[in-house]
Amino acid sequence: MSGPLSERRSSGAGEKMEAAAAEPAPAAAGGGVAPLKPQAAAVPERLQRREAERQREAERRRQEKAAQAVQEEQSGFFAAAFSRERAAIEALLGPGPGQAEAEEALEEAAARLQGLQKLLTDSVRFLAPYEVRQAQEALSRLQGALTAKRQQLQPKKRFAFRARRKEAESAPPPASAGQLPQESAPPPAPAGQLPAEGEVSGPPLCGFSRAEAQTLELGPSELLQRDVLLADLSDCRVLLRGNPNTLRVRDCRGCTVLCGPVSTSVLVDGCRDCLLVLACQQLRTHRTRNTRIYLQVTSRAMVEDCSGVRFAPYTWSYPGIEGDYESSGLDRGRNNWKLVDDFDWLARDEPSPNWSVIPEQDRITQWD
């Protein structure tokens with residue numbers, strides 16, 4: 001068929017075919033196929049995310065490497081400074097040419113030893129635990145040598161039977177039976193047992209020993225920069241209001257010990273079921289069981305061969321404590337009471353089972 005009608009039909013069929021070609025293809029059954037254009041755009045987006053993650057990881061590793069380099073540099077500086085100062089103190093504690101020169105050297109050694117302790121305190125945050133332990137042990141040995149030198153320079157009393165008889169006639173009252181006079185020696189260690197860490201061979205300057213169920217006290221004039229030993233006490237309450245140089249609490253049972261600020265170190269060894277209130281630069285605790293420690297410490301506390309030791313912040317106060325803090329050199333605003341290194345527990349991702357923190361509701365706030 002020809003003519004206008006056939007041309008109109010042909011033109012209409014062509015328009016329908018063009019319209020069908022312009023329309024999008026229907027989706028296939030069951031969800032169809034995702035459009036190609038969005039899928040093509042998603043590939044570079046994933047690549048961008050992966051590249052960003054790679055760059056972040058590279059930056060993190062770079063920062064860790066830089067921090068490690070700084071830490072190694074700081075550790076090396078500390079080791080060199082500590083070794084140099086330790087050698088100077090050992091030289092000062094060596095044989096002196098005379099009494100006056102020896103006493104002057106002793107005072108300088110004490111001042112430098114306190115500065116060395118402060119160096120360790122300020123460096124703890126970037127030192128490895130074994131470095132801290134080695135430094136603390138070196139400080140303990142130096143402190144023992146300083147104490148022995150002090151005792152060596154003290155004038156010795158002449159022996160006299162008359163003086164002995166007079167002392168026997170005026171025996172101390174029972175409440176002071178445990179007090180250690182300067183001339184008396186500490187209780188001997190059991191056969192085959194080495195002295196505790198930090199123990200010196202000479203007698204302590206003051207303290208209490210072998211007392212039971214007593215209240216024992218020492219004041220500021222008796223404690224000022226002296227080394228104190230509390231040994232073999234049972235069910236005693238000990239009040240040390242003042243500023244000792246060092247404190248050793250050894251083989252005590254069921255005792256309460258409240259002590260003012262200690263200039264250097266406190267050693268707790270072989271104690272059980274005690275309540276200790278201590279402020280110091282360093283605390284070392286050995287062979288101790290079921291003991292609560294209310295602590296202010298400017299470095300880190302150490303526990304070894306211990307169990308059931310619990311910590312809380314130091315809360316004791318008494319008239320004159322501000323002056324004792326000033327003479328001790330302790331920074332009252334710095335307290336690392338819950339930073340405890342347990343040398344029997346090496347797992348870093350799990351807390352030690354040998355020590356814990358006393359819950360706030362169980363802490364003592366009134367001591368009188």
Check your understanding: Charged N to carboxylate O under 4.0 angstrom, Arg112 versus Glu108?
Key -> yes
Exercise for review: Please confirm whether the backbone N or O of Glu212 pairs with a side-chain atom of Asp235, one donor and one acceptor, at under 3.5 Å?
Suggested key: no
**Study point:** Side-chain heavy-atom pair Arg237, Leu258 within 4.5 angstrom cut-off
**Key:** yes
Review point. Does some side-chain heavy atom of Val303 sit less than 4.5 Å from a side-chain heavy atom of Trp345?
Key: no
**Study point:** 4.5 Å side-chain heavy-atom contact, Val266 and Leu276
**Key:** no
**Study point:** Shared hydrophobic cluster for Trp316 and Tyr294 (ILVMFWY, side-chain gaps under 4.5 Å)
**Key:** yes
Check your understanding: Given the rule in the side chain to side chain contact (heavy atoms under 4.5 Å, CB included) test, do Cys206 and Glu222 qualify, once you have shown the distances and angles that lead to the verdict?
Key -> CA-CA 8 Å; Cys206 62; Glu222 299 163 298; 5.7 Å; no
Check your understanding: For the hydrophobic clusters of this structure (ILVMFWY residues joined by side-chain heavy atoms under 4.5 Å, transitively), does one cluster hold both Val249 and Leu223?
Key -> yes
Point to revise | Neighbour count >12 (heavy atoms, 6.0 Å) for atom CD, Glu90 | key: yes
Practice item. Before accepting this row, confirm whether a basic side-chain N of the pair Glu53/Arg50 lies closer than 4.0 Å to the acidic partner's carboxylate O. Key: no
Review point. Does the side chain of Phe311 reach to within under 4.5 Å of the side chain of Leu283, using non-hydrogen atoms?
Key: yes
Check your understanding: Ile321 and Leu239: same hydrophobic cluster, using ILVMFWY side-chain contacts below 4.5 Å?
Key -> yes
Review point. Any sub-3.5 Å donor-acceptor pair from Asn336's side-chain atoms to Arg300's backbone N or O?
Key: no
Check your understanding: Taking the side chain from Trp367 and the backbone from Tyr318, do they hold a donor-acceptor pair closer than 3.5 Å?
Key -> no
Check your understanding: So Arg363 and Glu360, side chain to side chain contact (heavy atoms under 4.5 Å, CB included) or not? Walk me through it.
Key -> CA-CA 5 Å; Arg363 296 175 190 172; Glu360 289 190 26; 3.5 Å; yes
Check your understanding: Quick check: does any side chain N or O of Asp273 sit under 3.5 Å from a backbone N or O of Arg253, one acting as donor and the other as acceptor?
Key -> no
Review point. After noting the C-alpha distance and the side-chain angles of Arg54 and Glu57, does the key distance pass the salt bridge (charged side-chain N to carboxylate O under 4.0 Å, His left out) rule?
Key: CA-CA 5 Å; Arg54 188 191 66 79; Glu57 179 66 18; over 6 Å; no
Review point. Same cluster or not: are Leu120 and Leu113 linked, directly or through other Ile, Leu, Val, Met, Phe, Trp or Tyr residues, by side-chain heavy atoms under 4.5 angstrom apart?
Key: yes
Check your understanding: Do any N or O atoms from the side chain of Thr264 and from the backbone of Asn245 form a donor-acceptor pair under 3.5 angstrom?
Key -> yes
Study note, to complete from the structure: To the nearest 0.5 Å, atom SG of Cys255 lies from atom CG of Leu216 at 8.5 Å
Review point. Within a strict 4.5 Å, meaning less than it, do heavy atoms of the Asp251 and Arg287 side chains meet?
Key: yes
**Study point:** Carboxylate-amine/guanidinium contact Glu59 Arg56, below 4.0 Å
**Key:** no
**Study point:** Minimal non-hydrogen separation, Phe208 against Glu217, with atom names
**Key:** CZ-O, 3.5 Å
Point to revise | Check against side chain to side chain contact (heavy atoms under 4.5 Å, CB included), Leu142 and Leu116 | key: CA-CA 10 Å; Leu142 289 174; Leu116 193 60; 3.9 Å; yes
Check your understanding: Under a 4.5 Å side-chain heavy-atom rule over Ile, Leu, Val, Met, Phe, Trp and Tyr, are Val257 and Leu275 clustered together?
Key -> no
Review point. Do you know the tightest heavy-atom contact between Cys306 and Thr285?
Key: SG-O, 3.4 Å
Review point. How close do Ser265 and Val262 get, heavy atom to heavy atom, and via which atoms?
Key: O-CG1, 3.7 Å
Point to revise | Any side-chain heavy-atom pair of Leu339 and Trp337 under 4.5 Å | key: no
Exercise for review: For Ser327 and Leu224, run side chain to side chain contact (heavy atoms under 4.5 Å, CB included): C-alpha distance rounded to whole Å, both residues' side-chain angles, the deciding distance at 0.1 Å, then the answer.
Suggested key: CA-CA 9 Å; Ser327 64; Leu224 184 58; 4.3 Å; yes
Practice item. Give the minimum heavy-atom separation between Leu267 and His286, together with the two atoms involved. Key: CD1-CD2, 3.5 Å
Check your understanding: Is the shortest heavy-atom distance from the side chain of Arg226 to the side chain of Leu218 under 4.5 Å?
Key -> no
Check your understanding: Hey, does Cys280 have a side-chain heavy atom less than 4.5 Å from the side chain of Leu295?
Key -> yes
Check your understanding: Does the Thr291 side chain pair with the main chain of Arg289, one donor and one acceptor, at a distance under 3.5 Å?
Key -> yes
Point to revise | Donor-acceptor contact below 3.5 Å, side chain Tyr314 vs main chain Asn335 | key: no
Exercise for review: Using a strict 4.0 Å threshold on nitrogen-to-oxygen distance, state whether Glu137 and Arg284 make a salt bridge.
Suggested key: no
Review point. Does a sphere of radius 6.0 Å around CD in Gln361 hold more than 12 heavy atoms from other residues, nucleotides or ligands, not counting ones at 6.0 Å or beyond?
Key: yes
Practice item. For the pair Gln296 (side chain) and Val277 (backbone), establish whether a donor and an acceptor sit closer than 3.5 Å, ignoring hydrogens and angles. Key: no
Review point. Looking at Thr246, Leu93, Ile89, which hits side chain to side chain contact (heavy atoms under 4.5 Å, CB included) with Leu146?
Key: Leu93
